[in-house]
Asker: 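Can you keep this structure in mind? I'll have questions shortly.
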Amino acid sequence: MARTFSALLVSAVLLAASSIYFGRRAGSTNGSATARTHLHFYMHDEYTGPNPTAALIVPGRAPLPDTVGTSRRFGDIAVMNNALTEGPQRGSPRVGTAQGFTVRVSERGSVNALSMHLVMEDGEFVGSSLVVNSRVDTDLAMRESVIVGGTGRFRFARGYALSRSYDYDLAKGGIVEIDVYLY
C-alpha cells in the first residue's frame with residue numbers, strides 16, 4: 001500500500017511539473033511577456049553631430065591591404081545609447097533606449113558581436129527591458145539577432161529581432177528599423 005501511494009505521489013508530482021513546464025513553453029510566464037508579442041521601432045544611431053549617441057571606444061588593428069578605405073576595422077569596439085522611436089523621423093515619439101556595445105569580429109566584412117539592452121520607457125512595457133545577443137553581419141539587408149532574456153514584463157523572454165538599415169551611413173550612423181518577436 002505504501003509503495004502504491006508513493007508511486008501515485010511521484011506520478012502526481014511529475015504530472016504537475018510537466019504541466020507547469022509546458023504551460024510556460026506555450027507562453028504563460030507568470031506576468032512576463034505573453035506569446036507572440038511583436039514590437040516595432042526605429043533606432044537612431046549617431047556617431048557625429050553635437051550629441052553623438054554611439055562612439056568608437058577602442059580602435060581595431062590597421063586594415064588589411066585589401067580592406068583599406070573601410071571605416072571599420074577588426075577589433076573595433078563601439079558603445080551605444082541610442083533612442084528608440086515609434087517612427088523614423090527625429091521628432092517621432094520616443095519609446096525607449098538601446099544600450100550596449102559591438103565588437104568587430106571579422107577581419108573581412110562587417111560582422112560584429114552584439115550585446116544590447118532594449119529599455120522600454122513608454123507604453124505598456126515601460127520599465128521593462130529585453131536582452132539582445134548575437135552575431136550581426138551588417139552587410140546583409142536583413143539581420144537576425146537573438147532575444148535571450150529580459151526584465152519586468154519581459155522576464156524569461158525568448159525570441160528574435162530583425163533589423164534593417166532604414167537610412168544609414170557607416171561613418172556617421174543613421175536609422176535602423178527593428179522588429180522584435182517574442183514567444
Side-chain angles (χ1 to χ4, degrees), residues 27-29 31-58 70-72 76-106 109-183:
S28 171
T29 56
S32 299
T34 58
R36 295 175 186 86
T37 298
H38 174 232
L39 303 172
H40 179 255
F41 35 73
Y42 294 84
M43 180 178 75
H44 298 259
D45 190 26
E46 300 295 332
Y47 278 94
T48 61
N51 297 308
T53 61
L56 179 65
I57 300 302
V58 176
T70 62
S71 60
R72 300 285 187 259
D76 280 356
I77 299 174
V79 296
M80 70 185 94
N81 187 46
N82 297 332
L84 298 174
T85 62
E86 286 181 8
Q89 304 80 13
R90 282 196 190 275
S92 184
R94 187 178 177 121
V95 296
T97 303
Q99 298 172 323
F101 63 91
T102 64
V103 179
R104 183 61 51 109
V105 294
S106 176
S110 299
V111 179
N112 296 296
L114 170 69
S115 177
M116 178 171 64
H117 298 262
L118 302 174
V119 183
M120 301 295 108
E121 299 168 355
D122 192 33
E124 69 178 294
F125 301 112
V126 67
S128 299
S129 67
L130 290 165
V131 180
V132 180
N133 192 4
S134 201
R135 174 191 184 273
V136 177
D137 185 343
T138 56
D139 286 336
L140 299 176
M142 180 74 68
R143 284 108 36 199
E144 184 173 351
S145 299
V146 182
I147 304 296
V148 296
T151 65
R153 297 270 314 272
F154 296 129
R155 192 173 298 133
F156 302 115
R158 294 288 180 264
Y160 62 98
L162 298 176
S163 63
R164 58 202 150 280
S165 297
Y166 179 83
D167 181 15
Y168 206 88
D169 177 315
L170 195 56
K172 297 183 219 172
I175 301 166
V176 177
E177 186 175 8
I178 302 173
D179 282 287
V180 174
Y181 299 93
L182 304 174
Y183 49 88

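None of these values were measured; they are calculated from a predicted model. All heavy atoms count here, side chains included; hydrogens, waters and symmetry mates do not.
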Asker: Name every donor-acceptor pair, under 3.5 Å, that has one atom in a side chain of residues 125-133 and the other anywhere in the protein, sequence neighbours excluded.
Answerer:
unit_1 : atom_1 : unit_2 : atom_2 : d
S128   : OG     : F125   : O      : 3.4
S128   : OG     : R153   : N      : 2.8
S129   : OG     : T151   : OG1    : 2.7

Asker: Judged by atom type as modelled, is there a donor-acceptor pair below 3.5 Å linking the side chain of T138 to the main-chain atoms of S110?
Answerer: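 The answer is yes, because a donor-acceptor pair under 3.5 Å joins these two groups.
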
Asker: To the nearest 0.5 Å, what is the distance between CE on M142 and CD on E177?
Answerer: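 So the gap between those two atoms works out to 8.0 Å.
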
Asker: Are E46 and N51 close enough that some pair of their side-chain heavy atoms sits under 4.5 Å apart?
Answerer: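 No; the side chains remain at least 4.5 Å from each other.
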
Asker: Would you say the side-chain atoms of T53 and H44 include a donor-acceptor pair closer than 3.5 Å?
Answerer: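 There is no such pair (donor and acceptor under 3.5 Å, judged by atom type) between the side chains of T53 and H44.
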
Asker: Please find the pair of heavy atoms, one from A161 and one from V180, that lie closest to each other, and give the distance.
Answerer: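 What the structure gives for the nearest pair is CB-CG2, 4.1 Å.
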
Asker: Decide yes or no for R164 and D179: does some side-chain heavy atom of the first lie under 4.5 Å from some side-chain heavy atom of the second?
Answerer: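 Yes - at least one pair of side-chain heavy atoms lies under 4.5 Å apart.
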
Asker: Once rounded to the nearest 0.5 Å, what's the spacing between atom OH of Y181 and atom CZ of R36?
Answerer: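 The OH atom of Y181 sits 13.5 Å away from the CZ atom of R36.
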
Asker: Would you give the length of the straight line joining atom CE of M120 to atom CG of L84, rounded to the nearest 0.5 angstrom?
Answerer: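 The CG atom of L84 is 5.5 Å from CE of M120, to the nearest 0.5 Å.
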
Asker: How about P52 and Y47: do any of their side-chain heavy atoms sit closer than 4.5 Å?
Answerer: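 Result no, sub-4.5 Å side-chain heavy-atom pair not found.
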
Asker: Where do T85 and S92 come nearest, in terms of heavy atoms and distance?
Answerer: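 Looking at all heavy atoms of both residues, the closest pair is CG2-O, 3.8 Å.
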
Asker: Would you give the length of the straight line joining atom CG of L39 to atom CG of L118, rounded to the nearest 0.5 angstrom?
Answerer: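 Rounded to the nearest 0.5 Å, the CG-CG separation comes out at 8.5 Å.
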
Asker: Parallel, tilted or perpendicular, judged at 30° and 60°: which one describes the rings of H38 and H40?
Answerer: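 Because their plane-to-plane angle lies in the 30° to 60° range, the rings of H38 and H40 count as tilted.
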
Asker: Any idea which heavy atoms bring N112 and V105 closest together, and the distance?
Answerer: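 Shortest heavy-atom separation between N112 and V105 comes out as C-CG2, 4.1 Å.
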
Asker: First locate atom CG of D45, then atom CG of N82, and finally report the distance between them rounded to the nearest 0.5 Å.
Answerer: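 These two atoms lie 4.5 Å from each other.
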
Asker: Measure across S134 and S145 and return the closest heavy-atom pair with its distance rounded to 0.1 Å.
Answerer: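 Heavy atoms of S134 and S145 come nearest at OG-CA, 3.3 Å.
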
Asker: Counting N and O atoms only, with roles assigned by atom type, does the side chain of R158 sit under 3.5 Å from a partner on the main chain of V148, one being a donor and the other an acceptor?
Answerer: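 Judged by distance alone, yes, a pair lies under 3.5 Å.
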
Asker: Calculate, to the nearest 0.5 Å, the distance between atoms CZ and CD belonging to R94 and E121 respectively.
Answerer: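 The CD atom of E121 is 5.0 Å from CZ of R94, to the nearest 0.5 Å.
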
Asker: Under the salt bridge (Lys or Arg N to Asp or Glu O under 4.0 Å) test, which residues partner D137, sequence neighbours left out?
Answerer: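 None.
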
